[in-house]
Amino acid sequence: MKPKEQAGKQQRTYRVALLGTKFMGKAHSQAYRNVNMYFPDAPTVERVVICGRNPEETEQARSAFGWQEASADWRSVVARDDIDIIDVSTPGNMHCEMVVAAAEAGKQIVCEKPLANTLEEAERMVAAVEAAGVSHLLMHNYRRVPAVALAKRMVDDGRVGDIYHFRARYLQDWALSPELELVWRFDARLAGSGALGDLGAHVIDLGRYLCGEISELAATSQTFIKRRPVAAGSSEMADVTVDDAAALCVRFENGAIGTIEASRFAPGRKNHNTFEINGSKGSITFDLENLNILRYYSVDDQPDAQGFHEIIACSLGKHPYADAWWFDGHLLGYEHSFTHMIHDWLQALASGTSTHPSFHDGLMNQKVLDASSRAAESRRWERVG
Ligand code: SOE
């Protein structure tokens, strides 16, 4: 994909349209707003138009998140010639239609995870961006948490050695109350799946990123609260059609084995995305609820001094992305990972290269999700597509 020429030089200004005004719309807006302030090398980003279904809510989001325009008609926005990037930050049931339309309009595309609600949709989305020759980014933002990027560096330069285990859990507790109404995340027609696709997709992505491809798996899932009020306080009830939790046992192509859990029913776990990697030369552990810290154990330490090192992964000149922010130890947050993702992708766009994770990563992730659903149904080991 060649960057658009602007006056004989590479494109250095990108005009963005954001489809989505809720949690991810807010997180992505923050990244587009901050990327040029903290990364002067990044191409200039203009927050042109934000799209949502409810005109009043969308206007509020426009004003709050700093967009120039608000629209309730995403199709007309995707067709505009003055828009370079389409950012799809809607529930999963809209991803395929929006991405295919954006690709056919020649737009560069960001899409929230998981890529799609089904494997078939993911395949259509990859085919569309390939046919259009446009760039595509899948917003698995946790790859760009500096401590996770450091873990990737340490795995790649051999400090963990040959990988034996990847052990990951993504636990939250917001769904615990039976009084919680049937929000879209409990509806398979909108969300595709429950904790598996929402939270499990993140740890599957981290497993692929850090340890390689998953070849086969066994899985189980459960819906603990099977019916919920159709609206807050309503006595009318309706079925929950997705999983509340899932647990996988996985084998990697490189011989490593692992466990992956995703649950919205873990009291006290607010955003507990955690992994541990054990290898022939050491171990690494990370916990999103303490996201500046990476813990590392090396078998090469002196025998009387062996133990997990606690690394504060935001030191100038040492850790990924640290130089854009503060002096050592001043810490970063959840939102910085989105800014790092957008920075890396804009740089790739402007230089006509690509970055990760792409929609190809999304398709591989979707194959793991699909195999997980099959395995939970069959109660047998299933190969990943
Ligand atoms: C679920 O509550 C959620 O918002 C996920 O959808 C996001 O991907 C995750 O980053 C935070 O939790």
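FYI, the numbering just counts along the sequence from 1. Atoms within each ligand, like the ligands themselves, are counted from 1 in listed order.
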More than 12 heavy atoms of other groups within 6.0 Å of Arg227 CZ: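 Yes, CZ of Arg227 has more than 12 neighbouring heavy atoms, counting only those of other groups under 6.0 Å.
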
Option from Arg374, Gln366, Lys367 for which side chain to side chain donor-acceptor pair (under 3.5 Å) with Asp370 holds: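 Single side chain to side chain donor-acceptor pair (under 3.5 Å) partner of Asp370 among Arg374, Gln366, Lys367: Arg374.
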
For Arg251, what residues pass the side chain to side chain donor-acceptor pair (under 3.5 Å) criterion, not counting sequence neighbours? none

Basic-acidic side-chain contact under 4.0 Å: Asp344, Arg144: yes

Derivation and outcome, side-chain hydrogen bond (donor to acceptor under 3.5 Å, both in side chains), residues Ser89 and Asp87: CA-CA 6 Å; Ser89 289; Asp87 180 318; 2.7 Å; yes

Check each protein residue for a heavy atom under 4.0 Å from ligand 1 and list those that pass, ordered by chain and number.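 Ligand 1 pocket, heavy atoms under 4.0 Å: Phe23, Lys113, Tyr142, Tyr170, Gln172, Trp174, Arg185, Asp198, His202, Asn271, Tyr334.
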
Check each of Leu115, Leu19, Thr90 against His95 using the side-chain contact (heavy atoms from CB on, under 4.5 Å) test, and report the only one that passes.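 Result for side-chain contact (heavy atoms from CB on, under 4.5 Å) with His95: Thr90.
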
